[in-house]
Amino acid sequence: QVQLVESGGGLVQAGGSLRLSCAASGRTFSAAAMGWFRQAPGKEREFVAAITWRVGGTYYADSVKGRFTISRDNAKNTVSLQMNSLKPEDTAVYYCAADSHYVLSYRLVEANEYDYWGQGTQVTVSS
């Protein structure tokens with residue numbers, strides 16, 4: 001079993017920054033890709049960003065492109081999401097997810113592509 005634990009959420013004013021981290025552990029953790037999703041109250045979970053584990057290819061939702069940066073540390077089994085220029089509409093619970101069988105990049109935006117999920121961390125952006 002793989003465990004994912006997010007940290008770094010909190011309350012920030014619009015225009016501010018936060019850095020989320022996700023630590024992976026468990027049975028010989030091996031992910032092909034990892035992603036961040038978010039879910040706001042009353043809305044469906046949506047894709048934010050993803051990164052392939054071996055090559056480090058990155059993918060972003062249009063709504064965060066240019067403001068968020070996803071990165072990974074293979075040695076530490078961690079993935080981070082640097083969020084800059086935050087907006088009130090970025091307010092949501094952010095979830096880290098691991099994909100053990102990634103093959104097609106276009107699938108990384110789909111929540112059902114991922115095998116493991118963290119418990120989520122709240123990000124609140126005040127106006």
Side-chain angles (χ1 to χ4, degrees):
Q1 187 73 339
V2 172
Q3 292 83 40
L4 302 176
V5 178
E6 303 98 335
S7 61
L11 173 64
V12 65
Q13 288 189 333
S17 298
L18 281 175
R19 184 176 181 87
L20 305 183
S21 293
C22 174
S25 62
R27 178 181 57 84
T28 314
F29 175 74
S30 176
M34 293 192 71
W36 286 95
F37 285 73
R38 67 187 181 186
Q39 188 166 17
K43 294 188 176 181
E44 294 187 353
R45 190 169 298 191
E46 65 173 358
F47 170 76
V48 175
I51 187 166
T52 60
W53 205 248
R54 186 174 62 87
V55 176
T58 57
Y59 306 87
Y60 297 94
D62 288 342
S63 59
V64 307
K65 203 171 293 183
R67 299 188 298 122
F68 291 10
T69 302
I70 189 171
S71 60
R72 91 261 191 251
D73 185 329
N74 297 51
K76 296 182 178 178
N77 285 343
T78 59
V79 63
S80 297
L81 185 69
Q82 177 66 41
M83 306 185 295
N84 299 329
S85 302
L86 283 161
K87 305 175 181 180
E89 51 263 44
D90 294 319
T91 295
V93 176
Y94 283 70
Y95 297 91
C96 172
D99 179 351
S100 63
H101 58 270
Y102 153 77
V103 175
L104 300 172
S105 60
Y106 71 84
R107 289 284 305 156
L108 291 175
V109 303
E110 302 292 342
N112 59 17
E113 171 70 11
Y114 296 82
D115 308 290
Y116 304 100
W117 292 83
Q119 81 289 350
T121 186
Q122 177 70 47
V123 171
T124 303
V125 184
S126 62
S127 57

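A continuous path of Ile, Leu, Val, Met, Phe, Trp and Tyr side chains, each step under 4.5 Å between heavy atoms, connects Y94 with L4, placing both in one hydrophobic cluster. Clustering ILVMFWY residues whenever any of their side-chain heavy atoms sit less than 4.5 angstrom apart, transitively, puts V12 in the very cluster that holds F68. Note on W117 and V48: separate hydrophobic clusters, where clusters join Ile, Leu, Val, Met, Phe, Trp and Tyr whose side-chain heavy atoms are under 4.5 Å apart, directly or indirectly. The hydrophobic clustering, which links ILVMFWY residues whose side-chain heavy atoms are closer than 4.5 Å, places W36 and V125 together. Under the 4.5 Å side-chain contact rule for hydrophobic residues, I70 and F47 do not share a cluster.
Annotation for A40 and T91: closest pair CB-O, 3.7 Å, computed over non-hydrogen atoms. The two atoms that bring G9 and L20 nearest to each other are N-CD2, 3.5 Å, heavy atoms only. Here the closest non-hydrogen pair linking L108 and A50 is CB-CB, 4.1 Å. Listed here is the closest heavy atom pair of M34 and C22: CE-SG, 4.0 Å. Contact detail for Q122 and V93: the closest heavy-atom pair is OE1-CG2, 3.3 Å. Annotation for R38 and S63: closest pair NH2-OG, 3.5 Å, computed over non-hydrogen atoms.
The pair R107-D99 fails the salt-bridge criterion, with no side-chain N (NZ, NE, NH1 or NH2) lying under 4.0 Å from an Asp/Glu carboxylate O. Between K65 and D62, at least one side-chain N (NZ, or NE/NH1/NH2) sits under 4.0 Å from a carboxylate O, which counts as a salt bridge.
Under a 3.5 Å cut-off, the side chain of S127 and the backbone N or O of P88 do not form any donor-acceptor pair. Although no hydrogens or angles enter the test, the distance criterion places a donor-acceptor pair under 3.5 Å between the side chain of E6 and the main chain of Q119.
Taking 4.5 Å as the limit, some side-chain heavy atom of T52 sits within range of a side-chain heavy atom of Y102. Inter-residue side-chain proximity for Y95 and R45 is flagged as met; some heavy-atom pair is nearer than 4.5 Å.
Atoms OG1 and CG, from T121 and L18 in turn, are 9.0 Å apart once rounded to the nearest 0.5 Å. Here the OG1 atom belonging to T78 is positioned 4.5 Å from the CG atom belonging to D73, to the nearest 0.5 angstrom. Separating the CD atom in E44 from the CZ atom in F37 is a distance of 12.0 Å, to the nearest 0.5 Å.
Side-chain polar atoms of Q82 and S80 form no donor-acceptor pair below 3.5 angstrom.
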Start with the C-alpha distance between V123 and M83, add both sets of side-chain angles, then the distance that settles side-chain contact (heavy atoms from CB on, under 4.5 Å), and finish with yes or no.
-> CA-CA 10 Å; V123 171; M83 306 185 295; 3.9 Å; yes
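For R54, the CZ atom is loosely surrounded, since the number of other residues' heavy atoms within 6.0 Å does not exceed 12.
The salt bridge (charged side-chain N to carboxylate O under 4.0 Å, His left out) test applied to K76 returns no partner, not counting sequence neighbours.
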